[in-house]
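Just follow the structure's listing: the first ligand is 1, and inside any ligand the first atom is 1. Starting from 1, each residue takes its place in the sequence as its number.
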Amino acid sequence: MNGNIYITGFMGAGKTTIGRELAARLRRGFVDLDQALAGRLGMSIPRAFSELGEPVFRDAESAELKRLSRRKGLVVATGGGVVERQTNRKLMRASGIILNLKASLQACRSHLSPDQTSGRPLWQDAEALAARFAQRQTAYADCDLSIDVDGKNLSAVAAEVMAGLLPEERFSALLDGKECPVIATARASELLAEYTGGRRTAVLSDRNLARLHLDRYRQALPGAVEVLVAPGEGSKSLRNAEKVYQALLENRLERGEVLAAVGGGVVTDLGAFVAATYKRGMDFVLCATSLVGCVDAAIGGKAAVNLAGAKNQVGCFTRPLAVLLDLAALATLPRRVILEGLVEAYKTGLTAAPALADLMENSLPQLMRGEVLGLAQVVKLAAQAKAAVVSEDFRESGRRRILNLGHTYGHALESHNRYRVGHGRAVAAGMRIAVELSRARGLLDEADAARMKDVLTPLCKGSLAWPSAQEAWPLMLNDKKNEGGKVVFVLLSGAGQPLVTNDLTQQELQAALDGVIKEGSV
Ligand SMILES: NC(=O)c1ccc[n+]([C@@H]2O[C@H](COP(=O)([O-])OP(=O)(O)OC[C@H]3O[C@@H](n4cnc5c(N)ncnc54)[C@H](O)[C@@H]3O)[C@@H](O)[C@H]2O)c1
């Protein structure tokens, strides 16, 4: 996941241009091997080639490649001839994957200016050039992913590469007795067009998404009605729901037509709520673009809007035609939105997917930076686990309660801080308390607790007012997931081993709080 991506191909295939674009789309560093080598040798590549001679030049090139192979998480545009040595190909495979850009000689020539070819003797001898091009093809074919670039523009090639690096994964969630496909994909807009099947469609989204991602959806669904709301929690209101109903009415959307909600949890919650109630229910597809949306909000059939000051008070259980997790959208997520999503993903990992918890414990800094291949892996594991949990308990009366880990104290903390802290940070703090309580009860051993703490501490860092047990208790008793007047609290006896308890005492909670606060890491 954190290996380098080495781009190979003949001179002029577009390795540097595509490499830069790919690095931006994946949020990785970019290195041009030729540029790095020219810097080290203190002369241009054509000059080094002619002054040093090919064998010495190739040795220097291999040494540069070796240096780069020791770094991680890069996109590297290699020189056209790097693949000729099998040892180089082995090195690239051992430290990452090889992506070949396959171009005809004609296309390579058309991408290069006379300036770029004039200093290179090979490009002056058509026969020798064709022979070298033909001779390298076997080495180029020794790759993990090959993309044909002839006749395609930059954005089309980049989209194909992304789809190749982010292969589709399909799960399904059983919602109210029927299967709902959940698909993690870099081609969400194209799949949406397949699901709408030519029916008239309204796309509901927010203005951030309209700027960043809706063009892909517009291309896939030409003529779709567009309804935009302001970004943020404030849009999840009955007033906004009414505005969306009105827009659907004005555009004569009928029950047999489709609403597609493209956005974070706010847009998918609002969209699902409107679709479930407009004309007593119309078909809808959720396209999740935020991390919270992909790992949590869009999966599970819960739709709701807020009432003044109270979240998710009006809503229903419902079932979309499909849930599409838009992996190509992850590259533009702001840091705050990434951290919110990582908290919910870790919660799912700790309660239902130990492999996900493990992945996050081993690659947290890369994930916090928003590296897209890592985030996509988190999305796939979390979505699959959440789909399995909700399939067992659609209406939240049993197993689904494990997903409340961190939320009981987290909600109290949010309310105590007058909702001025993000939900994710509050839940991370709640999970931190749950880990401490589990450790104190002897359910978790010290090593497991320490690993979990290392993930949760950076996720809840910042100024927070932690309510005391006495302050938190009445707030926790208000939680709608409690039963029989007792606080329901999820603890852990290991990753993937949640325990739903109702015997927590105020004294125990205060001791856990004192322990966490005394550590000073929060
Ligand atoms: N239905 C459920 O089961 C469920 C579960 C968890 C959360 N939720 C709800 O989800 C909401 C929170 O979701 P959220 O964190 O996605 O909030 P959000 O929808 O407000 O998105 C956060 C911000 O990120 C932006 N954004 C989204 N995708 C982006 C992208 N690809 N690139 C750049 N910016 C992007 C949005 O415009 C917004 O400004 C809450 O309302 C919560 O109640 C629902």
Side-chain angles (χ1 to χ4, degrees), residues 25 27 173 175 180 182 186 188-189 204-217 228-237 240 261-273 275-276 286-307 310-320 323-345 347-348 370 372 375-376 379 382-383 386-387 389-390 393-396 400 403-407 410-411 414 419 422-427 480-481:
R25 290 191 185 206
R27 283 194 165 154
L175 302 182
C180 166
V182 178
S189 53
L204 171 69
S205 194
D206 75 26
R207 293 194 187 98
N208 282 341
L209 270 308
R211 186 169 46 81
L212 294 166
H213 293 287
L214 277 200
D215 274 351
R216 286 188 282 131
Y217 287 87
L228 298 181
V229 296
E233 191 67 33
S235 282
K236 236 177 78 171
S237 65
N240 253 307
V262 180
V266 163
V267 169
T268 54
D269 269 11
L270 176 66
F273 178 77
L286 301 181
C287 302
T289 61
S290 73
L291 202 51
V292 167
C294 287
V295 304
D296 196 0
I299 304 164
K302 286 205 293 184
V305 293
N306 305 328
L307 292 183
K311 280 184 70 173
N312 299 325
Q313 294 301 304
V314 183
C316 56
F317 287 92
T318 178
R319 186 181 52 249
V323 174
L324 306 175
L325 312 175
D326 186 344
L327 303 179
L330 299 177
T332 54
L333 290 174
R335 183 179 162 84
R336 177 186 58 79
V337 180
I338 293 172
L339 300 192
E340 293 274 323
L342 288 178
V343 174
E344 298 296 349
K347 173 200 76 181
T348 303
V372 171
L375 290 184
V379 165
K386 171 132 195 220
V389 172
V390 300
D393 176 23
F394 179 54
R395 289 195 185 264
E396 218 167 26
R400 201 161 168 168
L403 297 177
N404 219 28
L405 174 71
H407 282 67
H411 282 153
E414 267 184 295
Y419 296 93
H423 177 70
R425 263 181 74 210
V427 171
K480 55 183 179 292
K481 284 160 189 155

Any atoms of ligand 1 less than 4.0 Å from a non-hydrogen atom of Lys302? List them with their elements.
-> 1 (N), 3 (O)
Only heavy atoms count here, so choose which of Asn208, Val267, Asp269 is nearest to atom 44 (C) of ligand 1.
-> Asp269
In ligand 1, the atoms that come under 4.0 Å of a heavy atom of Glu233 are 40 (C), 41 (O)
Contact atoms of ligand 1, heavy-atom distance to His213 under 4.0 Å | 31 (N)
Heavy-atom side-chain proximity of Val266 to Asp206 below 4.5 angstrom | no
Indicate yes or no for a side-chain donor-acceptor contact from Arg400 to the backbone of Gly300 under 3.5 Å, with no hydrogens or angles considered.
-> yes
Where is the nearest protein heavy atom to atom 29 (C) of ligand 1: which residue, which atom, and how far?
-> Leu333 CD2, 3.5 Å
Atom 31 (N) of ligand 1 has as its nearest protein heavy atom Ala329 O, 2.9 Å
Which option out of Pro231, Gly232, Gly264 puts a heavy atom nearest to atom 21 (O) of ligand 1?
-> Gly264
For Ser290, atoms of ligand 1 separated by under 4.0 Å from a heavy atom | 14 (P), 16 (O), 27 (C), 28 (N)
Atom indices of ligand 1 within 4.0 angstrom of Leu212 heavy atoms, with elements | 32 (N), 33 (C)
Arg319 side-chain N/O to Leu175 backbone N/O, donor-acceptor pair under 3.5 Å | yes
Any idea which protein heavy atom is nearest atom 6 (C) of ligand 1, and the distance to it?
-> Asp296 OD2, 3.4 Å
Proximal ligand 1 atoms for Thr332, defined as those under 4.0 Å from one of its heavy atoms | 30 (C), 31 (N), 32 (N), 33 (C)
Among all protein heavy atoms, pick the one closest to atom 28 (N) of ligand 1 and tell me residue, atom and distance.
-> Thr289 OG1, 2.9 Å
Pairwise distance SG(Cys294) to CG(Leu327) - rounded to 0.5 angstrom | 6.5 Å
Identify, by atom number and element, the atoms of ligand 1 in contact range of Pro334, meaning under 4.0 Å from any of its heavy atoms.
-> 33 (C), 34 (N)
Which residue from Val295, Val292, Leu286 reaches closest to atom 15 (O) of ligand 1 through any of its heavy atoms?
-> Val292
Nearest to atom 22 (C) of ligand 1 by heavy atom, Val337, Val266, Leu209, Val305: which?
-> Val337
Examine the side chains of His423 and Glu340 and answer whether a donor and an acceptor come within less than 3.5 Å of each other.
-> no
Check whether any side-chain N or O of Ser235 sits under 3.5 Å from a backbone N or O of Ala230 as a donor-acceptor pair, and report yes or no.
-> yes
Okay, side chain of Lys386, backbone of Asp296: is any donor-acceptor separation there less than 3.5 Å?
-> yes
Look at the side chain of Asn306 and the backbone N and O of Asn312, then say whether any donor-acceptor pair between them is shorter than 3.5 Å.
-> yes
Nearest heavy-atom neighbours spanning Asp326 and Tyr217 | OD2-OH, 2.7 Å
For Asp206, the ligand 1 atoms with a heavy-atom partner under 4.0 Å come out as 36 (C), 37 (O)
If only atom types and distance count, is the side chain of Ser205 paired as donor or acceptor with the main-chain N or O of Val262 below 3.5 Å?
-> yes
Going by distance alone, is a donor N or O of one side chain under 3.5 Å from an acceptor N or O of the other, for His213 and Thr289?
-> no
Give the residue, atom name and distance (to 0.1 Å) of the protein heavy atom nearest atom 4 (C) of ligand 1.
-> Ala297 CA, 3.4 Å
the protein heavy atom lying closest to atom 42 (C) of ligand 1 turns out to be Lys236 NZ, 3.7 Å
Taking both backbone and side-chain atoms of Arg336, is any N or O found less than 3.5 Å from an N or O belonging to ligand 1?
-> no
For ligand 1, does Leu330 get within less than 4.0 Å through its side chain, its backbone, both, or neither, judged by non-hydrogen atoms?
-> neither
Within 6.0 angstrom of Arg336 CZ, more than 12 heavy atoms from elsewhere | no
Minimal non-hydrogen separation, Ala297 against Gly265, with atom names | CB-CA, 3.7 Å
Are any of the N/O atoms in Gly265 less than 3.5 Å from those in ligand 1?
-> yes
